[in-house]
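Proteins get letters first, then strands, A, B, ... in listed order; numbering begins at 1 in each.
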Protein chains: 2
Amino acid sequence: MDQATLTLRGRLQPRDAWQATGCPIAKAMDVIGTRSAFLLMREAFYGTTRFDEFARRVGVSEPVAASRLKELVEVGLLRRSPYREPGQRTRDEYLLTEMGEDFFPTLAALMQWGDRWLGRSGVELRHDDCGEALHVELRCEEGHRVDVGEIALVERRHPKG
Amino acid sequence: MDQATLTLRGRLQPRDAWQATGCPIAKAMDVIGTRSAFLLMREAFYGTTRFDEFARRVGVSEPVAASRLKELVEVGLLRRSPYREPGQRTRDEYLLTEMGEDFFPTLAALMQWGDRWLGRSGVELRHDDCGEALHVELRCEEGHRVDVGEIALVERRHPKG
DNA sequence: CAGGATCCCTAAGGATACTG
DNA sequence: CAGTATCCTTAGGGATCCTG
């Protein structure tokens, strides 16, 4: 029996427990479940704020960029903020909200996975201060690094966490 | 100027650097960019291995389950393994590969985000050993916890990392 | 520059029925 | 139980053209 085949198995009786409250992954994917939404969020983290930059860098058409950005604003991951360049009229730029910033670990995890399994890209994330490479990891409140094989899914203990 | 608006901004000159090698997020989303694929992977982590369990628990129709599972096997996140129940003929079950297991942090990150911003679900992940709640975090090789505001995107230094 | 309007194509996904 | 086949609807996304 392969260790890799035993992950979580049999220790997850309450795996239907969220049928009542809704699986958070399903809820998340309902809200930002498209490739273009993920890539627009990536761009937001890379500092892109202007409509046409989003469209160009992500490589989607303007109509797609427009509807995705609108959805991301409605959902609350981005917000519009007025700005004015000298001699120009006031326009809006798209900025990350706190909810949007908090989405970064998901992108980082996906980036890490893609880099490892779908071929290395030419860039990597590093810690500003010390210059060392970043990675995403699972830790418990006690600070232990947790491996995929050491995880249990349980009914939530503290309602307000 | 809102701190939340400054994330990564201006420190990401090489943000087009992967136009050559391909953005890992885009590659990942090309491979598993659908809601049903994410949810099927969730189920695989929860120990589901049988076709009809996948379809039922994820809440998708058999045709959708069939085509997604097939894609996930082709891509390499799942593999088929023969099993036999007493008195039954041999069948296949779907098991996580190493590539599939390595996808867990992405799901955990999405789960964490969804739980925080889209309403708490009734379940949570915990560390088997100590029983404490899990979370996803960003760390550098030096072991520092890294906040979203302290990240730089740079061209990769060590080609074989 | 920042979109909206329109048209078209393809992919995601549900429903039903059928097979080894 | 583990799918396939068929049909249908909707959503994602591209292309082109137009507007404030």
Side-chain angles (χ1 to χ4, degrees), chain A residues 22-23 25-44 47-75 77-95, chain B residues 22-23 25-44 47-75 77-95:
Chain A
C23 166
I25 300 175
K27 288 190 286 189
M29 290 301 282
D30 284 339
V31 159
I32 34 164
T34 67
R35 181 189 133 107
S36 54
F38 271 68
L39 297 185
L40 287 168
M41 288 304 295
R42 176 202 74 188
E43 275 309 311
T48 299
T49 61
R50 312 292 177 79
F51 177 82
D52 74 321
E53 285 273 284
F54 275 111
R56 189 175 61 77
R57 289 187 183 277
V58 169
V60 294
S61 61
E62 291 92 338
V64 170
S67 50
R68 284 305 145 272
L69 286 171
K70 193 176 185 180
E71 288 169 12
L72 290 171
V73 168
E74 284 167 2
V75 168
L77 287 137
L78 300 178
R79 65 189 170 88
R80 304 180 65 145
S81 172
Y83 74 95
R84 181 198 293 265
E85 289 195 349
Q88 301 283 329
R89 69 170 173 82
T90 300
R91 299 178 189 281
D92 279 349
E93 57 185 354
Y94 296 88
L95 303 176
Chain B
C23 166
I25 300 176
K27 286 190 286 191
M29 289 301 282
D30 284 339
V31 161
I32 35 165
T34 67
R35 182 190 132 107
S36 54
F38 270 67
L39 296 184
L40 288 168
M41 288 305 295
R42 176 202 73 188
E43 275 309 311
T48 299
T49 62
R50 311 293 177 79
F51 177 82
D52 74 322
E53 285 273 284
F54 275 112
R56 189 176 59 78
R57 289 187 183 279
V58 170
V60 294
S61 61
E62 291 91 339
V64 170
S67 51
R68 281 309 143 269
L69 285 171
K70 192 176 186 181
E71 288 169 12
L72 290 171
V73 169
E74 285 169 0
V75 168
L77 287 137
L78 299 178
R79 65 190 172 86
R80 303 180 67 143
S81 172
Y83 74 96
R84 180 195 293 264
E85 289 195 351
Q88 301 283 330
R89 69 170 173 81
T90 299
R91 299 178 189 282
D92 278 349
E93 58 186 354
Y94 296 88
L95 302 176

Problem - Phosphate contact (dA2(D) OP1 or OP2) by Tyr83(B) side-chain N/O below 4.0 Å - result: yes

Completion exercise
side chain to side chain contact (heavy atoms under 4.5 Å, CB included) test vs Val58(A) passes for just one of Glu53(A), Glu43(A), Met41(A), namely Glu43(A)

Fill in the blank from the handout: Whether each nucleotide of nucleotides 11-20 of chain D has a protein heavy atom under 4.0 Å at its base (B), only at its sugar-phosphate (S) or at neither (-) is summarised, 5' to 3', as -SBBBB---B

Fill in the blank from the handout: Phe51(A) CZ to dC1(C) P, in whole Å, measures 12 Å

Handout entry: Close side-chain approach of Leu39(A) to Ile25(B), heavy-atom, < 4.5 Å
Key = yes

Completion exercise
When rounded to whole Å, the CE to C1' distance for the pair Met29(A) and dA12(C) reads 12 Å

Fill in the blank from the handout: Interatomic distance, OG1@Thr34(B) vs CE@Met29(B), rounded to 0.5 Å, equals 8.5 Å

Practice task
Evaluate the ring planes of Phe38(A) and Phe38(B), with Trp represented by its six-membered ring, and classify them as parallel (under 30°), tilted (30 to 60°) or perpendicular (over 60°).
Solution key: tilted

Practice task
Let me know the distance between CZ of Arg57(B) and P of dC1(D), rounded to the nearest Å.
Solution key: 13 Å

Exercise for the section: Could you tell me whether the side chain of Arg68(B) reaches within less than 4.5 Å of the side chain of Phe54(B), counting heavy atoms only? Expected result: no

Problem - Distance in Å, Arg79(A) CZ paired with Glu93(A) CD, rounded so as to fall on 0.5 Å steps - result: 8.5 Å

Exercise for the section: Check whether any side-chain N or O of Tyr94(A) sits under 4.0 Å from OP1 or OP2 of dG3(C), and answer yes or no. Expected result: yes

Exercise for the section: Starting from P on dA12(C), measure out to CG on Leu40(B) and report it in whole angstrom. Expected result: 13 Å

Fill in the blank from the handout: Angle separating the five-pair end axes of the helix from dC1(C)-dG20(D) to dG20(C)-dC1(D), nearest 10°, is 50°

Exercise for the section: List in chain and number order the residues that pass side-chain hydrogen bond (donor to acceptor under 3.5 Å, both in side chains) with Arg50(B), two or more places apart in sequence or in another chain; answer none if no residue qualifies. Expected result: Tyr83(B), Glu85(B)

Exercise for the section: Check whether any side-chain N or O of Ser67(A) sits under 3.5 Å from a backbone N or O of Pro63(A) as a donor-acceptor pair, and report yes or no. Expected result: yes

